[in-house]
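Values reported hereafter were calculated over all heavy atoms of this structure, with side chains retained and with hydrogens, waters and symmetry mates removed.
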Amino acid sequence: MRKLKNICALIMKELGKSDHSVNIVLTDDTTIHKFNKKYRNIDKPTNVLSFPFAEGSEDDLATLPIYELGDILISVETASREATQLNQSLIHRLNWLIVHGFLHLIGYDHKRSSLDAERMFQKEKELLIKINKKRGFHMMQLAINVDHVATVRQARGVSEPDPVTAAAICELAGARGIVVHLREDRRHIQDKDVYLLRKTVKTKLNLEMGANKEIIDIALDVVPDMVTLVPEKRQELTTEGGLNVVDQKKKLAKVVKRFNKAGIPVSIFVDPDSKQIKASHDIGAHFVEIHTGRYCDAVSEIEIDKEFELIASAAEEAYQLGLVVNGGHGLDYQNTSRIAALETIEELSIGHAIISRSIFSGLETAVRDMLNIINNAQLQRF
Ligand code: PXP
């Protein structure tokens, strides 16, 4: 409700109606069905119904001394189904339905004529673009994790393939950041890689790390463009879950403070969980990276939708707190599109899928294929 209230305030401001009031009722299919039957004689549920306080065209209404716009009724059940069909988050769909409902309240009506329908559609699009701009949304960027280039190198203990060369190819293909995880056990990336990358990366070097003293000292010496704090266990194959910030608030606050003092912004890798996001904000992190792993591992459609909604909602919450939101882990050529359509996420961090595909297609093609998925997903936002 808080997230929707903030969005409504922006819509009203954009429409020059900040001094007006409106009632928004979030309801279910049964209730909206009753209203649809009673007032429109349509015997089925719908997504949104608008009941203007006064009838008339946009110009007529503007002249009336009325500060009550009317009621907007939304079926969250239908909105949720539509969001799934359209590969959108529920909050995005509700946002669109609220805009649609508002435009009806101020006199737009797509049912009047095809010209009116076009006018309303254009206004909706214009309004959503403006709101997104106001909310500071940008095109989503791709940062590539080149750890697994080093994994192949370390398998032989030789000098090839070189993650530094890989990083340069990724950047030339359009990646906007390079990520490496300097693990305590040095299973893939080595200290010298990080120092070399600091000299060669032209976009942004993000050093992923556990919050342990040895690695913190190296990070403070290297001065990457940002660090991402992750939990690290020796036996794990890859990072298994988000960092538990709530339970380590004091310790992590000190680490974040040290990096902030050194001018290195900190991102914290967290599960899509409200408490972890709030705690990350409280301890002074600039970014959170939302763990997408459970969404990527989910098998049934119900589970995938549930995990996706958790990510969308957590990203919205983090965004509204003023954090810059990244996402990553387990993303591949099949599951990235849906996440890439979320406006609230600024950057995706992807490694294994791109490096795996590059064995067959070459690295440049693997990067460009992923960028195409991300860019196309964003074109479908409206
Ligand atoms: N983000 C974080 C915090 C990670 O630990 C990893 C894995 O190193 C990634 C993103 C990238 O995950 P993947 O290799 O599955 O794309």
Side-chain angles (χ1 to χ4, degrees), residues 141-212 214-240 243 264 267 269 289 291-293 296 326 328-333 347-371:
Q141 307 293 349
L142 171 64
I144 298 182
N145 180 317
V146 293
D147 289 352
H148 295 308
V149 176
T151 304
V152 178
R153 177 189 65 189
Q154 296 309 109
R156 277 292 174 95
V158 286
S159 59
E160 280 183 313
D162 179 14
V164 179
T165 308
I169 294 171
C170 290
E171 287 186 308
L172 285 172
R176 299 300 290 269
I178 299 298
V179 188
V180 283
H181 185 174
L182 185 65
R183 281 185 167 266
E184 237 182 293
D185 63 11
R186 309 297 199 275
R187 67 174 74 163
H188 38 50
I189 291 294
Q190 306 297 305
D191 300 21
K192 72 171 193 318
D193 297 323
V194 183
Y195 280 94
L196 264 174
L197 285 165
R198 174 64 296 183
K199 291 206 176 99
T200 58
V201 167
K202 306 228 168 10
T203 52
K204 187 179 66 185
L205 177 63
N206 179 354
L207 180 62
E208 205 185 299
M209 53 184 280
N212 76 66
E214 186 211 358
I215 308 287
I216 292 173
D217 288 344
I218 293 173
L220 288 167
D221 191 43
V222 170
V223 193
D225 297 294
M226 64 186 281
V227 292
T228 299
L229 298 180
V230 298
E232 197 176 304
K233 289 190 219 126
R234 283 208 171 228
Q235 284 80 18
E236 68 191 356
L237 283 176
T238 179
T239 317
E240 279 169 0
L243 198 57
I264 305 170
S267 176
F269 185 56
E289 180 179 330
H291 191 343
T292 51
C296 298
N326 296 339
H329 210 286
L331 294 170
D332 62 22
Y333 294 85
E347 184 178 280
L348 295 180
S349 167
I350 308 182
H352 191 264
I354 294 176
I355 303 305
S356 301
R357 180 175 283 214
S358 76
I359 292 173
F360 303 107
S361 70
L363 187 51
E364 189 180 336
T365 304
V367 174
R368 289 195 199 282
D369 286 351
M370 187 57 83
L371 279 170

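- Residues in residues 141-166 take part in these salt bridge (Lys or Arg N to Asp or Glu O under 4.0 Å) pairs, two or more places apart or across chains: Arg153-Asp193.
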Check step by step if side chain to side chain contact (heavy atoms under 4.5 Å, CB included) holds for Gln190 and Gln154. CA-CA 9 Å; Gln190 306 297 305; Gln154 296 309 109; 3.3 Å; yes

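- Atoms CD1 and OH, on Ile350 and Tyr333 in that order, are 8.0 Å from each other to the nearest 0.5 Å.
- Considering only heavy atoms from C-beta on, Val179 stays 4.5 Å or farther from Val146 through its side chain.
- Residues Cys296 and Asp332 have side chains not in contact (no heavy-atom distance under 4.5 Å, counting atoms from C-beta outward).
- Leu348 places none of its side-chain heavy atoms less than 4.5 Å from the side chain of Asn326.
- Taken from CG in Leu205 to CG in Leu197, the straight-line distance is 6.0 Å, to the nearest 0.5 Å.
- Residue pairs meeting the side-chain hydrogen bond (donor to acceptor under 3.5 Å, both in side chains) criterion with at least one partner in residues 167-180, sequence neighbours excluded, are Glu171-Thr203.
- Taking CD1 of Ile178 as the start and CG of Asn145 as the end, the distance is 9.0 Å to the nearest 0.5 Å.
- Here the shortest heavy-atom pairing between Pro224 and Ala219 reads CD-O, 3.3 Å.
- Inter-residue side-chain proximity for Phe269 and His329 is flagged as met; some heavy-atom pair is nearer than 4.5 Å.
- Separating the CD atom in Gln141 from the NZ atom in Lys204 is a distance of 7.5 Å, to the nearest 0.5 Å.
- A salt bridge links Arg187 to Asp185: one of the charged nitrogens lies within less than 4.0 Å of a carboxylate oxygen.
- For Ile218, the side-chain contact (heavy atoms from CB on, under 4.5 Å) criterion is met by Leu182, Arg186, Asp191, Tyr195, Glu214, Val222, not counting sequence neighbours.
- For Asp225, the salt bridge (Lys or Arg N to Asp or Glu O under 4.0 Å) partners two or more places apart in sequence, or in a different chain, are Arg198.
- With contacts defined as side-chain heavy-atom distances shorter than 4.5 Å, the pair Ile354/Val367 qualifies.
- Partners of Leu220 by side-chain contact (heavy atoms from CB on, under 4.5 Å), not counting sequence neighbours, listed by chain and number: Ile216, Arg258, Phe259, Ala262, Ile264.
- The two atoms that bring Ile144 and Ala175 nearest to each other are CD1-CB, 3.8 Å, heavy atoms only.
- Using modelled atom types, no side-chain atom of His181 and backbone atom of Arg183 make a donor-acceptor pair closer than 3.5 Å.
- Listed by first and then second residue, the salt bridge (Lys or Arg N to Asp or Glu O under 4.0 Å) pairs involving residues 348-369 are Arg357-Asp369, Glu364-Arg368 (not counting sequence neighbours).
- A 4.5 Å side-chain heavy-atom check between Glu208 and Val227 finds every atom pair outside the cut-off.
- What you find for Leu363 and Ser358 is that their closest heavy atoms are CA-CB, 3.5 Å.
- Listed by chain and number, the residues in a side-chain contact (heavy atoms from CB on, under 4.5 Å) with Ser267 are Met226, Thr228, Phe287, Glu289 (sequence neighbours excluded).
- Listed by chain and number, the residues in a ring-ring contact (aromatic ring centres under 6.0 Å, His included) with His148 are His188, His352 (sequence neighbours excluded).
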